[in-house]
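This structure is a prediction, so every number in the text was calculated from the model and none was measured.
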Amino acid sequence: MQLYGIEIASRLLLGTAQYPSPAVLNAAIRACGTEIITVSLRREAAAGSGAGFWQGLQESGCRILPNTAGCHSVQEAVTTAHMARELFDTPWIKLEVIGHSDSLQPDVFGLVEAARILCNEGFQVFPYTTEDLVVGEKLLEAGCELLMPWGAPIGSGQGLRNPDGLRAMRAHFPDVPLIVDAGIGRPSDAALAMELGMDAVLLNTAVAKAGDPVSMAAAMAQAIKAGRTGFRAEPMPRRDMAVPSTPVLGLAELT
């Protein structure tokens with residue numbers, strides 16, 4: 001998998017918020033084998049604990065993908081991205097411009113505007129978007145090289161609410177990396193995303209809030225590998241009627 005020219009082996013991107021402790025977070029990172037972890041600028045600096053949190057992330061050896069979580073305007077997202085680039089020393093930014101407070105649905109109009117600004121300033125943008133094809137085209141025109149459609153509202157654990165929409169995105173953007181971001185609740189959700197042809201899955205709450213985050217992280221990694229393998233194996237098409245696995249022709253006739 002190539003993301004902005006960087007080859008990534010693991011197809012699981014892991015968020016770093018809401019874990020019971022830094023030790024559990026680090027154990028989950030190791031258990032799933034992720035190579036990319038997302039970090040909120042606000043989380044890194046929260047309550048004066050940023051230094052210890054940042055040190056633990058550095059020791060993981062993972063690439064840092066800072067995000068603009070909680071931003072509700074273009075100006076807020078762009079300013080946060082500038083601070084994140086300075087703090088984390090990376091052009092990568094997961095761009096969130098939230099448009100609805102309850103569902104945390106992206107403001108796709110502000111998202112495209114912010115993406116255009118940041119891409120022109122040399123950022124490599126990972127846009128949190130919907131499955132809308134027109135919005136996807138606008139983001140690519142703005143300079144994004146990948147898309148991150150949501151599966152369901154952030155933190156909801158509802159899984160994939162619109163698998164047909166994701167399937168249509170895969171068909172419409174065959175050569176664009178697609179990463180399902182938000183809504184994954186169970187390993188089966190992650191496997192389904194990969195079976196639909198997605199390139200990767202980004203999740204956080206499903207692992208952080210599990211009864212055993214470390215085991216759940218490992219399960220998610222296994223599910224993603226299985227789903228990807230299943231997609232590449234070209235699953236049989238669905239049929240409306242049963243088809244016998246044993247041919248009827250040639251069966252003995254008993255009289």
**Message:** Using every non-hydrogen atom in the two residues, find where Ala210 and Ala206 come nearest and quote the distance to one decimal.
**Reply:** CB-O, 3.5 Å

**Request:** Give, for atom CG of Leu139 and atom CD of Glu137, the distance between the pair rounded to the nearest 0.5 Å.
**Result:** 10.5 Å

**Prompt:** What's the spacing between Met198 CE and Leu178 CG if we round to 0.5 Å?
**Reply:** 5.0 Å

Name every donor-acceptor pair, under 3.5 Å, that has one atom in a side chain of residues 116-125 and the other anywhere in the protein, sequence neighbours excluded.
| unit_1 | atom_1 | unit_2 | atom_2 | d |
| --- | --- | --- | --- | --- |
| Asn120 | ND2 | Arg116 | O | 3.1 |
| Glu121 | OE1 | His82 | NE2 | 2.5 |
| Gln124 | OE1 | Trp92 | NE1 | 2.9 |

**Message:** side-chain contact (heavy atoms from CB on, under 4.5 Å), that's the test. Do Leu65 and Val39 meet it? Break it down for me.
**Reply:** CA-CA 6 Å; Leu65 174 59; Val39 182; over 6 Å; no

**Message:** For the CD atom of Glu96 and the OG1 atom of Thr80, what is their distance to the nearest 0.5 Å?
**Reply:** 10.5 Å

**Asked** So do Pro66 and Leu87 actually touch side chain to side chain, heavy atoms under 4.5 Å?
**Response** no

**Request:** Give me the one residue out of Ile36, Thr34, Thr16, Leu13 that meets side chain to side chain contact (heavy atoms under 4.5 Å, CB included) with Cys62.
**Result:** Thr34

**Asked** Are side-chain heavy atoms of Val97 and Pro106 found at a separation under 4.5 Å?
**Response** no

**Prompt:** Quick one: hydrophobic cluster around Val243, which other residues, with the 4.5 Å side-chain cut-off, linked directly or via members?
**Reply:** none

**Item:** Donor-acceptor under 3.5 Å (Ser73 side chain, Glu76 main chain)
**Value:** yes

Taking only distance into account, with no hydrogens and no angle test, what donor-acceptor pairs under 3.5 Å do side-chain atoms of residues 184-193 form with protein atoms, sequence neighbours excluded?
| unit_1 | atom_1 | unit_2 | atom_2 | d |
| --- | --- | --- | --- | --- |
| Asp189 | OD2 | Gly185 | N | 3.0 |
| Asp189 | OD2 | Arg186 | N | 2.9 |

**Request:** Report the C-alpha separation of Leu111 and Leu95 in whole Å, then their side-chain angles, then the decisive distance to 0.1 Å, and conclude whether the side-chain contact (heavy atoms from CB on, under 4.5 Å) test is met.
**Result:** CA-CA 7 Å; Leu111 177 67; Leu95 180 60; 3.7 Å; yes

**Considering all heavy atoms, the nearest Tyr19-Leu25 contact** = CE1-CD1, 3.5 Å

**Asked** Do side-chain atoms of Asn204 reach the backbone of Ala17 as a donor and acceptor pair under 3.5 angstrom?
**Response** yes

**Message:** Testing the basics here: between Ala27 and Val214, what is the closest heavy-atom pair and its distance to 0.1 Å?
**Reply:** CB-CG2, 3.6 Å

**Asked** With distance as the sole test, does Arg167 use its side chain to make a donor-acceptor pair with the main-chain N or O of Arg170 at under 3.5 Å?
**Response** no

**Asked** Side-chain contact, heavy-atom cut-off 4.5 Å: Tyr4 with Pro177?
**Response** no

**Request:** Please confirm whether the backbone N or O of Pro149 pairs with a side-chain atom of Thr129, one donor and one acceptor, at under 3.5 Å?
**Result:** no

**Residues clustered with Tyr128, ILVMFWY side-chain links under 4.5 angstrom** = Ile98, Leu104, Trp150, Ile154

**Prompt:** After noting the C-alpha distance and the side-chain angles of Met194 and Val201, does the key distance pass the side-chain contact (heavy atoms from CB on, under 4.5 Å) rule?
**Reply:** CA-CA 8 Å; Met194 300 305 293; Val201 171; 4.0 Å; yes

**Item:** Beyond-backbone contact of Asp132 with Val108, side-chain heavy atoms, under 4.5 angstrom
**Value:** no

**Asked** Under 4.5 Å between any side-chain heavy atoms of Thr205 and Gln18, yes or no?
**Response** yes

**Non-hydrogen atoms of Pro163 and Arg161 that approach each other most closely** = CD-C, 3.5 Å

**Request:** Would you please test Glu234 and Arg232 for salt bridge (Lys or Arg N to Asp or Glu O under 4.0 Å) and show each step?
**Result:** CA-CA 5 Å; Glu234 301 181 6; Arg232 291 175 61 87; over 6 Å; no

**Prompt:** Any donor and acceptor pair, going by atom type alone, linking the side chain of Ser40 with main-chain N or O of Ala69 inside 3.5 Å?
**Reply:** no

**Request:** Using modelled atom types only, decide if a donor and an acceptor are shared between the side chain of Ser156 and the backbone of Pro153 within a distance under 3.5 Å.
**Result:** yes

**Request:** Measure the shortest side-chain to side-chain distance between Glu145 and Val176 over non-hydrogen atoms and say whether it is less than 4.5 angstrom.
**Result:** no

**Prompt:** What's the spacing between Leu166 CG and Leu196 CG if we round to 0.5 Å?
**Reply:** 6.0 Å

**Request:** May I ask you to list the residues sharing a hydrophobic cluster with Phe231, side-chain cutoff 4.5 Å, ordered by chain and number?
**Result:** none

**Atom of Ala152, atom of Gln158 and distance for their closest heavy-atom approach** = CB-CB, 3.8 Å

**Asked** Are side-chain heavy atoms of Glu7 and Met1 found at a separation under 4.5 Å?
**Response** no

**Criterion side-chain contact (heavy atoms from CB on, under 4.5 Å) on Ile6 and Ile8, from CA distance to verdict** = CA-CA 6 Å; Ile6 303 297; Ile8 304 295; 3.8 Å; yes

**Request:** May I ask you to test the Ile179-Leu3 pair for a side-chain heavy-atom distance under 4.5 Å?
**Result:** yes

**Request:** State the NE2-CG distance between His100 and Asp107, to the nearest 0.5 angstrom.
**Result:** 12.0 Å

**Message:** Would you compute the distance between atom SG of Cys32 and atom CD1 of Ile37 and round it to the nearest 0.5 angstrom?
**Reply:** 9.5 Å

**Complete:** Note: Pro127 and Cys144 closest approach over all heavy atoms is CG-SG, 3.9 Å

**Prompt:** Has Phe109 got more than 12 heavy atoms of other residues, nucleotides or ligands less than 6.0 Å from its CZ?
**Reply:** no

If you look only at distance, which donor and acceptor atoms sit under 3.5 Å apart when one is on a side chain in residues 215-225 and the other is two or more places apart or in another chain?
| unit_1 | atom_1 | unit_2 | atom_2 | d |
| --- | --- | --- | --- | --- |
| Ser215 | OG | Asp212 | OD2 | 2.7 |

